[in-house]
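Written below as structure tokens is the structure these notes are about.
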Amino acid sequence: MAVETELSFTVGDLASMRFAVSPMWELGPSLRLLASGRAHPVHRPWVEQVRPRLAAVGPSRGWLTEIVPPAGYVPDFVNPAPAGPAPTLAEELAAIRATPAERVRRDLDRLREYGDGLGPRLRALYADPPAGLARLTEAFEAYWKVALAPYWARVRAALDADVLHRARQVAEHGAARVLNDLHAEVRWSRDTLRLERRPKPLDRRTSGAGLLLIPSAFTGPGPLMRVAPPDPPQLAYPARGIGSLWAARPAAPNAALAAVLGRSRALLLVELDAPASTTDLARRTGLSPAAVSQYLTALRDAHLVSAHRAGRSVLYARTASAEAVLAPLT
């Protein structure tokens, strides 16, 4: 049964509060969204693009469905506390692989209590944590390459924008304004953070010091709290601006952009509003596959396009640099 719960703060806890952008906090909730089968009001374009590609994940999907159930508890070791403001996926996977065996088993025991027992892969993980963690992180990486890597520049830009907004709030109004503005279910009053609809109470005596605030594109509709001592509590909340995350960008290349890049390269950059293969781009633009491949190579050399293998095909996506170039043109 969900209850309102409280987390008290000392001056030191408040001074240690910080923000971080975490790939794993996108991976887990996005998996759950895809598995739900629901039409999401915000992420529907992403879901419709990614679901047909999930076959490329292959046998790894079994690990994913067992470790991230449709609802309820996800083992805490899947979300290691970010050591810095923006860890890479590789760094977070390394932290997962380094999880002590006793912690893995403790989290899996808790997962067993909340669900219907452990599946065959998680039983293997329980029996041999180092070997199981290696297989699990391989599954995470395979999913990331198909479902999130081609979109990461766009998602990351939205998360960074949220952090910059909150940082300005701290500078202009103080930390209390930030905490009260995170979500309707989060309230700050008299050195205490209150969260509604949390299934378990919080206790500062059994959690780490400080607080990690993690903006997320896929977490929602409510915030999620992870408490796993000695790490600081992690509060993942829906980031600002996610409602327009998948909004269509320019439908035609801007004349100024075409003058710099050439019309065909500019056209391809605009068409990459969503990740696409060479064949898709050739069909949509009327350019030959050979020409598309040549132009994409040039854009990739200029760090405006990245390539991501999804099974037998390669998806091309705009980089953060390309998004920055196009942003003033929208």
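Quick note: numbers below take in every heavy atom, side chains included, and nothing from hydrogens, waters or symmetry partners. What you are looking at is a predicted structure, and each value in this text was computed from that prediction instead of being measured.
Side chain of R51 to main chain of L34: a donor-acceptor pair is present (N/O by atom type, distance under 3.5 Å, no hydrogens or angles). For the pair R194 (side chain) and V186 (backbone), a donor-acceptor distance under 3.5 Å is absent. In this structure, the side chain of R154 engages the main chain of D273 through a donor-acceptor pair within 3.5 Å. Judged by distance alone, the side chain of R265 and the main-chain N or O of L261 form a donor-acceptor pair under 3.5 Å. At least one donor-acceptor pair closer than 3.5 Å links the side chain of D13 to the backbone N or O of T10. The closest donor-acceptor contact from the side chain of R53 to the backbone of A147 lies at 3.5 Å or more, if one exists at all.
Screening residues 130-139 for side-chain hydrogen bond (donor to acceptor under 3.5 Å, both in side chains) gives R97-T137 as the qualifying pairs, with residues at least two apart or on separate chains. Applying the ring-ring contact (aromatic ring centres under 6.0 Å, His included) rule to pairs touching residues 59-80 yields Y73-Y114, sequence neighbours excluded. Sorted by first and then second residue, the pairs that involve residues 166-188 and meet ring-ring contact (aromatic ring centres under 6.0 Å, His included), not counting sequence neighbours, are F9-W188.
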Next item on the list: Using the side chain to side chain contact (heavy atoms under 4.5 Å, CB included) rule, take Y295 and L267 through it: C-alpha gap first, then chi angles, then the decisive distance, then the call.
Entry: CA-CA 10 Å; Y295 294 140; L267 176 60; over 6 Å; no

Check: Hey, mind stepping through R18 and L213 against side chain to side chain contact (heavy atoms under 4.5 Å, CB included) and telling me if it holds?
Finding: CA-CA 6 Å; R18 61 186 176 89; L213 296 172; over 6 Å; no

Check: How far apart are the C-alpha atoms of E26 and W152, what are their side-chain angles, what is the distance that settles it, and do they pass the side chain to side chain contact (heavy atoms under 4.5 Å, CB included) test?
Finding: CA-CA 10 Å; E26 303 307 320; W152 186 238; 3.7 Å; yes

Check: Step by step, would you call R318 with V325 a side chain to side chain contact (heavy atoms under 4.5 Å, CB included)?
Finding: CA-CA 10 Å; R318 293 196 299 235; V325 168; over 6 Å; no

Listed pairs under 3.5 Å, donor-acceptor, residues 296-305 side chains, sequence neighbours left out:
residue	atom	partner	partner atom	Å
T297	OG1	S293	O	2.9

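The two atoms that bring I242 and V42 nearest to each other are O-CG1, 3.2 Å, heavy atoms only. Nearest heavy atoms, L27 versus S30: O-OG, 2.9 Å. Minimum heavy-atom separation, L212 to P82: CD1-CD, 3.6 Å.
Enclosure of atom CZ in R105 by more than 12 non-hydrogen atoms of other residues, nucleotides or ligands within 6.0 angstrom is indicated.
Contacts of Y316 classified as ring-ring contact (aromatic ring centres under 6.0 Å, His included), with partners at least two apart in sequence or in another chain: none. Every residue two or more places apart in sequence or in another chain was checked for a side-chain hydrogen bond (donor to acceptor under 3.5 Å, both in side chains) with R283, and none qualifies. Checked against salt bridge (Lys or Arg N to Asp or Glu O under 4.0 Å), E141 has no partners two or more places apart in sequence or in another chain. The side-chain hydrogen bond (donor to acceptor under 3.5 Å, both in side chains) search around R112 returns D109, not counting sequence neighbours. Partners of H40 according to the ring-ring contact (aromatic ring centres under 6.0 Å, His included) rule, which considers only residues two or more places apart in sequence or in another chain, are H43. Scored by the salt bridge (Lys or Arg N to Asp or Glu O under 4.0 Å) test, R284 finds E271 as partners (sequence neighbours excluded). With sequence neighbours excluded, the residues satisfying salt bridge (Lys or Arg N to Asp or Glu O under 4.0 Å) with R168 are E172. Residues passing the salt bridge (Lys or Arg N to Asp or Glu O under 4.0 Å) test with R121 are E66, sequence neighbours excluded.
The distance from the CG atom of L54 to the OH atom of Y143 is 6.5 Å, given to the nearest 0.5 Å.
Side chain to side chain, Q169 and D181 meet the donor-acceptor criterion of an N or O pair below 3.5 Å.
Under the 4.0 Å criterion applied to side-chain N and carboxylate O atoms, D76 and R106 are not assigned as salt-bridge partners.
You'll find the side chain of W46 reaches within 4.5 Å of the side chain of L33, heavy atoms only.
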